[in-house]
Amino acid sequence: MIVLGVETSCDETAIGIVSAGKDKRDVLANIISTQIEEHKKYAGVVPEIASRLHLQKINTVFDKALEVSGLSPETIDLIGVVNQPGLVGSLMIGASFAKTLTLKLKKPIITVNHLIAHLYSNFLKNETPSFPYIGLLISGGHTLLMIVSSHQEYKIIGTTLDDAVGEAYDKIAKFLNLGYPGGPIIDKISESYKGECVKFTPGLSNSKKNKYNFSYSGLKTAVLYHTRENPDYKRESVIKGFQVAAIKVLYEKTMNLSKETGIKNIVIAGGVASNSYLRELFLNTKGVNIHLPDPVFCTDNGAMVACCAYYKSKLKKVDGLDFEVYSKPKGGPLAYLKKDLR
Ligand code: KG4
Ligand code: ZN
């Protein structure tokens, strides 16, 4: 089955084409047009600019995906598109594009939750995760710890009470004038710095009540105060200190959940999954099966959307052309997904 995946929820216009079957999912094209340069000067994504750029870029991205895959549009069997959560104006561009293509090609369309699509970047490899698994979804918008029992059963065990981990990276980078997005920059500086680092305590690290929840706003303030109170602070030492605290708490809570539930399959996804320190911690842990996508599939992309749509098609979850887009579903990030899967 040839599946096309469309992703426009934030600041990447992305289209992937995956040849999907029971035994393997081959990525035939994965074109990402990033808007990072355009949003850099605002140190964050400007929604109005994002939707205009999606509109400008989406046709070119589609043409490029066809060119790279060597396929003609008629060979596409299924269209997958992200319709939630994300910036509404941006989601609408991807949704309109996908609906038009569906009408033209007369092929089925399946809507996909962006967060679930991230998990499916781990299903692009031949060896796929087994159920149940612990899902750790870490991006610019979310920090979720969940137990996934099947392709349609997702239970959120923990979430962030304030900032998402990627958001904390971006805010710290903005504060320290490092550039945007902060994650890769902070990661690179931390990785090359071999000296002592400042010890920060991440929020809720030892909380009994919030055993599996996260909090990043306190850590952000701690970094801010440290730099104010120590005018000759060592930049690298503060940056690495932040990274160690931000990542270690993700690792520890995930491993605690694994020990408590006995679930040994751990699936990590989202932009922060490309973090070198996080990968090192998890990949050096014995006795568990760690699934991490290749770095190119960690940040937003169309291949993960196509892969997710393929598995959803097996559940006979085809959509009509009247589907809507949703920014932040009431009742949590997976609220519409639950309704959808009933
Ligand atoms: O999944 P993603 O592309 O978009 C969202 O759905 O949010 O994630 C983007 C986030 C940004 O906050 C970025 O700073 C962070 O992922 N990020 C990283 C790294 N690469 C990207 N954070 C830490 N370390 C990295 N290497
Ligand atoms: Zn994402």
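For ligands, and for the atoms within them, numbers begin at 1 and follow the listed sequence.
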For the Zn ion (ligand 2), give me the closest N/O/S atom belonging to Asp300, just the atom name. OD1

Just by distance, do the side chain of Lys107 and the backbone of Lys104 share a donor-acceptor pair under 3.5 Å? no

What protein heavy atom sits nearest atom 20 (N) of ligand 1, and how far off is it? Ser274 OG, 3.3 Å

Is His118 close enough to the Zn ion (ligand 2) to have an N, O or S atom under 2.8 Å? yes

Asp300 N/O to ligand 1 N/O under 3.5 Å: yes

Atom CZ of residue position Arg52 - does it have more than 12 heavy atoms of other residues, nucleotides or ligands inside 6.0 Å? no

Mind checking whether Asp187 has an N or O less than 3.5 Å away from an N or O of ligand 1? yes

I'd like the name of whichever of Gly44, Gly271, Ala168 reaches closest to atom 16 (O) of ligand 1 through any heavy atom. Gly271

For ligand 1, which atoms, with element, lie under 4.0 Å from some heavy atom of His118? 1 (O), 6 (O)

Measure the distance from atom 12 (O) of ligand 1 to every protein heavy atom, then report the residue, atom name and distance (to 0.1 Å) of the closest one. Asp170 OD2, 2.8 Å

If you scan protein heavy atoms around atom 7 (O) of ligand 1, the nearest is Gly140 N, 2.8 Å

Short N/O distance, under 3.5 Å, between Thr299 and ligand 1? no

Nearest-contact summary for atom 6 (O) of ligand 1 - protein heavy atom, Å: His114 NE2, 3.2 Å

Which of the N/O/S atoms in His114 sits closest to the Zn ion (ligand 2)? NE2

NZ (Lys99) with more than 12 external heavy atoms under 6.0 Å: yes

Looking only at protein heavy atoms, which one is nearest to atom 15 (C) of ligand 1, and what is the separation? Val272 CG2, 4.0 Å

Are any N, O or S atoms from His142 nearer to the Zn ion (ligand 2) than 2.8 Å? no

Note the single closest protein heavy atom to atom 24 (N) of ligand 1, along with its residue, its atom name and the distance in Å. Asn275 ND2, 3.0 Å

Could you tell me whether Asn206 atom CG has more than 12 heavy atoms of other residues or ligands within 6.0 Å of it? no

If we count only N and O atoms by modelled type, under 3.5 Å, do the side chains of Glu280 and Asn275 hold a donor and an acceptor together? no

Ignoring hydrogens and angles, state whether a donor on the side chain of Asp187 or Ser276 is under 3.5 Å from an acceptor on the partner side chain. yes

Contact (N/O only, under 3.5 Å) between Gly270 and ligand 1: no

Working note: Lys40 + Glu37, criterion salt bridge (charged side-chain N to carboxylate O under 4.0 Å, His left out); need CA distance, chi angles, decisive distance, verdict. CA-CA 5 Å; Lys40 232 176 197 168; Glu37 280 306 315; 2.9 Å; yes

State whether a side-chain donor-acceptor pair under 3.5 Å links Asn83 with His114. no

To the nearest 0.1 Å, how far is atom 18 (C) of ligand 1 from its closest protein heavy atom, and which atom is that? Gly183 CA, 3.4 Å

Considering distance alone, does some N or O of Pro181 sit under 3.5 Å from an N or O of ligand 1? no

